[in-house]
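Beneath this line is the structure, given in structure tokens, with notes to follow.
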There are 2 protein chains.
Amino acid sequence: MPGLIRKAGLRVTKPRLALLDALAAAGGPLSIEQLHGAVGAETCDLVTVYRCMGAFERSGVVARSYFHDGTTLFRLVREETDRFSYHVLSKTTNQVEALDEHSSAKIKQLVQQVEKSLRDQGFTDVGHIVEFFGTRT
Amino acid sequence: MPGLIRKAGLRVTKPRLALLDALAAAGGPLSIEQLHGAVGAETCDLVTVYRCMGAFERSGVVARSYFHDGTTLFRLVREETDRFSYHVLSKTTNQVEALDEHSSAKIKQLVQQVEKSLRDQGFTDVGHIVEFFGTRT
DNA sequence: TTGAGTGCAAAGGATTTGCAGGTTC
DNA sequence: GAACCTGCAAATCCTTTGCACTCAA
């Protein structure tokens, strides 16, 4: 984990290690609040969570997701393929579940196809947001 | 335009007419700020824009889009099929373009498939966000 | 008339910034 | 030692809410 941080050109500190550990343990997107709760308020200030995630995002260690209510969630980017993992966000429990592999693969394929078509049409710096949400009953 | 408002069970007022006109003229998603600017500050208060868009959304007259930076945008829903129209939002010009029909159709199909699968897995009140972004060069 | 809609001011919540002090390299 | 990080407090930004007034139906 320290390696990830160094490779990003950032200094290894207690809050940063804890935050990445929390993300890894969660196995899916977490909100700033959830991250703060996960590492414990003693570990660092809420502001530090914001700043760390900002730094991590800029260096590509984490990426953002958007919840249906506008909440921002962060997830670990371990490998290039992680940029293409998709999730279902439960409105009731705030839990996150990975989509089944079949769906994920199909989405990935389609998204790449659409983005290629956009590049062919002259767009650069192409990106996307794909989120599913629902209520667990 | 007044018909749209009445059909939604809402009262026809000057701000509401102006807001829908602005959306129609834009031909794509607009932010609250942009809407307020488009109708002119004399037409109504910023708060009214929030409230009107809230009311319109609840009655299905408009729908939300999400920009890559988390901004919320609203777009007109003229027909049922508009719920499943997808766009490319340009990061530079703030312009919006509809995706080509072929891509749109494929996305719609895939999204419905995934949502069905989610319902089969026990999710209710299922929804999604699908947005593409890019820079026009 | 009468409930829905609006303006204005103020409250709320989330995120950012300034600055002084502490820590990593 | 110098640059980078962090904590705390305060500033901002976006959105919602309360209340009295106005207007559409």
Side-chain angles (χ1 to χ4, degrees), chain A residues 1-22 29-59 61-75 89 94, chain B residues 1-23 29-74 94:
Chain A
M1 227 31 124
L4 246 184
I5 302 180
R6 276 195 207 88
K7 210 169 54 180
L10 301 171
R11 293 193 173 172
V12 180
T13 66
K14 187 177 64 171
R16 287 178 176 175
L17 285 170
L19 286 167
L20 290 189
D21 282 345
L30 293 178
S31 69
I32 294 282
E33 289 291 343
Q34 291 173 320
L35 279 163
H36 192 217
V39 301
E42 343 73 60
T43 303
C44 71
D45 195 86
L46 182 61
V47 176
T48 296
V49 183
Y50 277 104
R51 287 197 268 227
C52 289
M53 298 318 283
F56 286 154
E57 187 189 20
R58 262 173 263 123
S59 41
V61 176
V62 306
R64 275 174 208 258
S65 297
Y66 295 88
F67 205 38
H68 62 94
D69 61 359
T71 314
T72 298
L73 305 177
F74 294 88
R75 65 180 193 280
L89 312 173
N94 242 36
Chain B
M1 227 33 126
L4 248 184
I5 302 179
R6 277 197 206 88
K7 211 168 55 181
L10 301 171
R11 293 192 176 176
V12 180
T13 66
K14 186 177 64 171
R16 288 178 176 174
L17 285 170
L19 287 167
L20 290 189
D21 282 346
L23 274 181
L30 292 180
S31 69
I32 294 282
E33 289 290 343
Q34 291 174 320
L35 278 163
H36 193 216
V39 300
E42 342 73 60
T43 303
C44 72
D45 196 85
L46 182 61
V47 175
T48 296
V49 181
Y50 277 103
R51 287 198 268 226
C52 288
M53 297 319 282
F56 286 153
E57 187 189 21
R58 262 172 265 123
S59 41
V61 176
V62 306
R64 278 174 205 258
S65 296
Y66 300 85
F67 208 37
H68 65 96
D69 60 1
T71 315
T72 298
L73 306 177
F74 293 89
N94 245 34

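Below, chains carry the letters A, B, ... as their sequence lines are ordered, and counting in each starts from 1. Heavy atoms only: backbone and side chains are in, while hydrogens, waters and symmetry mates are out.
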### Where protein sits on nucleotides 18-25 of chain D, one letter per nucleotide: B base, S sugar-phosphate only, - none, heavy atoms under 4.0 Å
B-----BS

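- With axes fitted over five pairs at each extremity, the angle between the ends of the helix from C:dT1-D:dA25 to C:dC25-D:dG1 is 40° (10° resolution).
- The NE2 atom of A:H36 sits 13.5 Å away from atom CG of A:L30, with the distance rounded to the nearest 0.5 Å.
- Nucleotides of DNA chain C that come within less than 4.0 Å of any heavy atom of chain A span, from the 5' end to the 3' end, C:dA14 to C:dC25.
- Listed by chain and number, the residues in a side-chain contact (heavy atoms from CB on, under 4.5 Å) with B:T71 are B:S31, B:F67, B:D69, B:L73 (sequence neighbours excluded).
- With sequence neighbours left out, B:T72 forms a side chain to side chain donor-acceptor pair (under 3.5 Å) with no residue at all.
- Residues A:F56 and A:L10 have side chains in contact (heavy-atom distance under 4.5 Å, counting atoms from C-beta outward).
- For the contact set between residues 35-46 of chain B and DNA chain C, defined by any heavy atom under 4.0 Å, the members are B:T43, B:C44, B:D45.
- DNA chain D is contacted by no residue of residues 16-23 of chain B, taking any non-hydrogen atom closer than 4.0 Å.
- Taking A:T48 as the reference, nothing meets the side chain to side chain donor-acceptor pair (under 3.5 Å) condition, with sequence neighbours excluded.
- Counting only residues at least two apart or on different chains, no side chain to side chain donor-acceptor pair (under 3.5 Å) pair has a member in residues 4-18 of chain A.
- Under the rule for a side-chain contact (heavy atoms from CB on, under 4.5 Å), the partners of A:A38 that lie at least two apart in sequence or sit in another chain are A:A22.
- The structure places CG of B:L19 at 8.5 Å from CD1 of B:I32, a figure rounded to the nearest 0.5 Å.
- Among residues at least two apart or in separate chains, salt bridge (charged side-chain N to carboxylate O under 4.0 Å, His left out) pairs with a member in residues 40-60 of chain B are B:E57-B:R64.
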